[in-house]
Number of protein chains: 2
Amino acid sequence: MNESEVVELHKASQILKLLGDKTRLTMMKLLQTHDCCVCEFVEIFKMSQPAISQHLRKLRDVGLVKEERRGQWIFYSINNEHEDYPFVQSILNHLPEQNGLVVDLEAQGLRISCN
Amino acid sequence: MNESEVVELHKASQILKLLGDKTRLTMMKLLQTHDCCVCEFVEIFKMSQPAISQHLRKLRDVGLVKEERRGQWIFYSINNEHEDYPFVQSILNHLPEQNGLVVDLEAQGLRISCN
DNA sequence: ACACTATATAATCATATGCTTATATAAGCA
DNA sequence: TGCTTATATAAGCATATGATTATATAGTGT
């Protein structure tokens, strides 16, 4: 890993504050391996749809994730063009995989795959 | 760098929330290279003493820093015995050095060195 | 065009956060 | 012992945050 990408302090604290919420942190870890749409997050976190939307908006506002419409769903994915993407990845790499959450969704037949 | 130290999600978000404050994040970066006492932080951040104390308490409550009395001052330092010390370090390593803050202190003759 | 589904936004509210002022504690020193 | 300095704690307050419910927007399919 290369830790030489220096992140300005103000930006770093802004990013860390965003990641300092368990829901958003889990979202980011999930997005590291799976693009997800809003309704999947709603299922995974057992949280209201607006609550999910608002978390995603915060992540999008600073450019950590991007959205893309696929059919009737809007999928979110990690924005690897973000200037501080390496910083974010290095944090996420310390977290345990959350694939179980997606696997559970699939088991329930709730995983969206629109292709 | 070894990113294999896995930090449980709840703990990670708790740590990131603490670091998601510009004052505390700068404190931690400073402590990476210099032990500091409370009054030095007060000078550096131009912030009230209770405000500084409260930030330090939050960092201490989760064990990220430890305190040690030296003469009439209480010095804070990074707790490198913390279970998630590697995680914290890997974050701090992305931040620009803040030594200028301490150098300025010294220039003003306000650096405490009690030995 | 109409109904249905997915998502976003707005308004509201309870709780959390970070600061301030006032006060307590505790060590150093005359 | 009493004064001074360094730090911690308590109380109060303004703002931020994260949730909820209600509503708007925008595709999809009939």
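Since we're looking at a predicted model, the values are computed, not measured. Order of the sequence lines sets the chain letters (A, B, ...), proteins ahead of strands, with each chain counted from 1.
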Problem set entry | Between C1' of dG18(C) and NZ of Lys58(B), the distance in whole Å | 6 Å

Problem set entry | Whole-Å distance separating the CG atom of Leu16(A) from the P atom of dT17(C) | 16 Å

Problem set entry | Side-chain N or O of Arg70(A) closer than 4.0 Å to phosphate OP1/OP2 of dG27(D) | no

Exercise. If we ignore angles and hydrogens, is there a donor and acceptor under 3.5 Å between the side chains of Gln32(A) and Gln89(A)?
Worked result: yes

Problem set entry | Five-pair end axes of the helix from dA1(C)-dT30(D) to dA27(C)-dT4(D) and the angle they enclose, rounded to 10° | 20°

Problem set entry | Atom-pair distance (CE on Met47(B); P on dG18(C)), nearest Å | 10 Å

Exercise. Could you give the CZ-to-P distance, from Arg57(A) to dA19(D), as a whole number of Å?
Worked result: 14 Å

Exercise. Is a salt bridge present between Glu81(B) and Lys66(B), judged by a nitrogen-to-oxygen distance below 4.0 Å?
Worked result: no

Exercise. Which whole-number value in Å describes the distance from Arg69(A) CZ to dA8(C) C1'?
Worked result: 11 Å

Problem set entry | Smallest separation among heavy atoms of Lys29(A) and Leu95(A), with atom names | NZ-O, 3.1 Å

For this session: Report the distance from atom CD1 of Ile74(B) to atom P of dT5(D), rounded to the nearest whole Å.
Result: 17 Å

Exercise. Between dA6(D) and Tyr76(B), is there an OP1 or OP2 to side-chain N/O distance shorter than 4.0 Å?
Worked result: no

For this session: Ignoring backbone atoms, test whether Lys17(B) places a side-chain nitrogen or oxygen under 4.0 Å from the OP1 or OP2 oxygen of dT17(D).
Result: no

Exercise. Tell me: CG of Leu56(B) to C1' of dG18(C), nearest whole Å?
Worked result: 14 Å

Exercise. Would Lys11(B) and Asp84(B) pass as an ion pair if we require N to O under 4.0 Å?
Worked result: yes

Exercise. Whole-Å distance between dG18(C) C1' and Arg24(B) CZ?
Worked result: 8 Å

Problem set entry | Heavy-atom pair of closest approach, residues Asn79(A) and Gly63(A) | ND2-O, 2.8 Å

Exercise. What about Gln54(A), does its side chain sit under 3.5 Å from the base of dA8(C) through a donor-acceptor pair?
Worked result: no

Problem set entry | Closest-nucleotide ordering on DNA chain D, the 5'-leading residue of Gly20(A) and Gln72(A) | Gly20(A)

For this session: Look at Ser48(B) and dT20(C) and indicate whether a side-chain polar atom (N or O) is within less than 4.0 Å of OP1 or OP2.
Result: yes

Seminar exercise, completed: As its Watson-Crick or G-U partner within any shown strand, both distances under 3.5 Å, dA30(C) has dT1(D)

Exercise. Between Ser53(A) and Val38(A), which heavy-atom pair has the shortest distance, and what is it?
Worked result: OG-CG1, 4.4 Å

Problem set entry | Phosphate-side-chain proximity, His55(B) and dC19(C), N/O vs OP1/OP2 below 4.0 Å | yes

Exercise. Taking the side chain of Ala51(B) as its heavy atoms from C-beta onward, which of dG18(D), dT20(C), dA19(D) lies nearest to it?
Worked result: dT20(C)

Exercise. Using a distance-only test with no angle check, is there a side-chain donor-acceptor pair under 3.5 angstrom linking Asp21(B) and Ser13(A)?
Worked result: no

Exercise. Of the nucleotides dT7(C), dA10(C), dC19(C), which has the atom closest to the Ser53(A) side chain?
Worked result: dT7(C)

Exercise. Does a distance-only test, which skips hydrogens and angles, find a donor-acceptor pair under 3.5 Å between the side chain of Gln49(B) and the base of dA6(D)?
Worked result: no

Problem set entry | Note: Arg70(A)-Asp35(A) ion pair, threshold 4.0 Å (strictly below) | yes

